[in-house]
Amino acid sequence: MGSGLLAYITVFVLAIFVGVEIVAKVPSILHTPLMSGSNAIHGVILVGSMIILGNATTPAERVLGFLAVILATLNVVGGFVVTDRMLEMFKSKNDRKGGQK
């Protein structure tokens with residue numbers, strides 16, 4: 001295993017720990033706005049992963065690029081689903097049933 005790969009794995013593991021610590025410290029009332037704001041970031045990641053997949057030449061690059069596109073898409077869709085659920089909580093009962101206020 002080369003030193004470059006070991007450095008990438010180290011950064012990846014450290015990023016996981018930092019991400020878990022940051023998200024764990026966010027109050028539950030702020031999770032949904034945080035998810036909504038991160039949708040823009042995930043959109044950029046999705047575009048970047050599609051560009052990388054388009055330039056992939058080896059089978060390993062294609063597999064990793066495809067996996068990146070799938071995971072980024074799941075993040076974007078999941079963010080919109082969570083945001084929609086949050087917005088449903090703020091509607092009145094009549095609005096949810098399709099009635100008038």
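All of these numbers come straight from a predicted model, not from anything done at the bench.
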ask   = Going only through I, L, V, M, F, W and Y residues with side-chain contacts under 4.5 Å, is there a path from L53 to L46?
value =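 L53 and L46: one cluster.
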inquiry  = Could you check whether any side-chain heavy atom of I41 comes within less than 4.5 Å of a side-chain heavy atom of I45, counting everything from C-beta outward?
reply    =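 Of all side-chain heavy-atom pairs linking I45 with I41, at least one is under 4.5 Å.
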Let me confirm one number: the [atom1]-[atom2] distance from [X] to [Y], rounded to the nearest 0.5 Å.
X	Y	atom1	atom2	value
N75	I70	CG	CD1	12.0 Å
L71	F66	CG	CZ	10.0 Å
T10	L5	OG1	CG	9.0 Å

key: salt bridge (charged side-chain N to carboxylate O under 4.0 Å, His left out) pairs, two or more places apart, involving residues 10-24   =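 Qualifying pairs: E21-K25.
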task = Could you list all the side-chain hydrogen bond (donor to acceptor under 3.5 Å, both in side chains) pairs where at least one residue sits in residues 59-73, not counting sequence neighbours?
result =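 Qualifying pairs, neighbours excluded: T57-E61.
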key: Residue list, side-chain hydrogen bond (donor to acceptor under 3.5 Å, both in side chains) with T58, at least two apart or on another chain   =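 Per chain and number, T58 pairs via side-chain hydrogen bond (donor to acceptor under 3.5 Å, both in side chains) with no residue.
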